[in-house]
Amino acid sequence: MGSEARYWLVKSEPDTYSFDELVADGGAVWDGVRNNTAALNLRGMRVGDEVLFYHSGSGPAVVGLARVTREAFPDPGDASGRFVAVEIAPVKPLARPVTLSEIKARPDLAEMKIVRQSRLSVSPVTPTEWKTILGLGSVG
DNA sequence: GCCAACGTTGGC
DNA sequence: GCCAACGTTGGC
């Protein structure tokens, strides 16, 4: 792990917490993650890292961009002390959502963690994947 | 609503 | 420590 820019993807059910709600709130504590792999990724986040915000459920798609505003701290809702939370703030919505089916259809995105392990709620994104997603979403 | 993937739990 | 059973997530 060097000091290069890092990119991540976080997943949320829009019925539970949507990108629009993140925008309305101006930021959010990203807590409640109870998976060790996802927690490891949360611990890797640094302030300023950029985040793809993905809606799971019906019409799964990357819908917006966010930024890490606070690094990992103990999840207040976790009595075990094993899990952590971060804080993120909205940057902007994608001009158009990039759907999971589009991602799957592209050979250069087929290795994305979201494709390979659909249940992982926090995952790293490579710089190449990041640029490709932003291109598809007409951002940048 | 169904099913696959995968994490967790608990009996042994 | 192994593994079967079970629960949850998420795509379709």
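Only heavy atoms go into these numbers, but all of them, side chains included; no hydrogens, no water, no symmetry mates. Letters A, B, ... are given to chains in the order of the sequence lines, protein chains preceding strands, and every chain is numbered from 1.
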Heavy-atom contacts, protein to nucleotides 4-12 of chain C, under 4.0 Å, summarised as B (base), S (sugar-phosphate only) or - (none) per nt, yield ---BBBSSS
Under the criterion salt bridge (charged side-chain N to carboxylate O under 4.0 Å, His left out), I'd like the reasoning laid out for A/E102 against A/R96: C-alpha separation, chi angles, the key distance, then a yes or no. CA-CA 12 Å; A/E102 279 180 273; A/R96 51 175 294 279; 3.1 Å; yes
Check side chain to side chain donor-acceptor pair (under 3.5 Å) between A/Q117 and all other residues, then give those that pass, not counting sequence neighbours. none
When every non-hydrogen atom of A/W30 is compared with those of A/K11, the smallest separation belongs to CZ2-O, 3.8 Å
Salt bridge check, A/R82 against A/D75: does any charged N sit closer than 4.0 Å to a carboxylate O? no
Would you check if A/W8 and A/S123 make a side-chain contact, meaning some heavy-atom pair closer than 4.5 Å? no
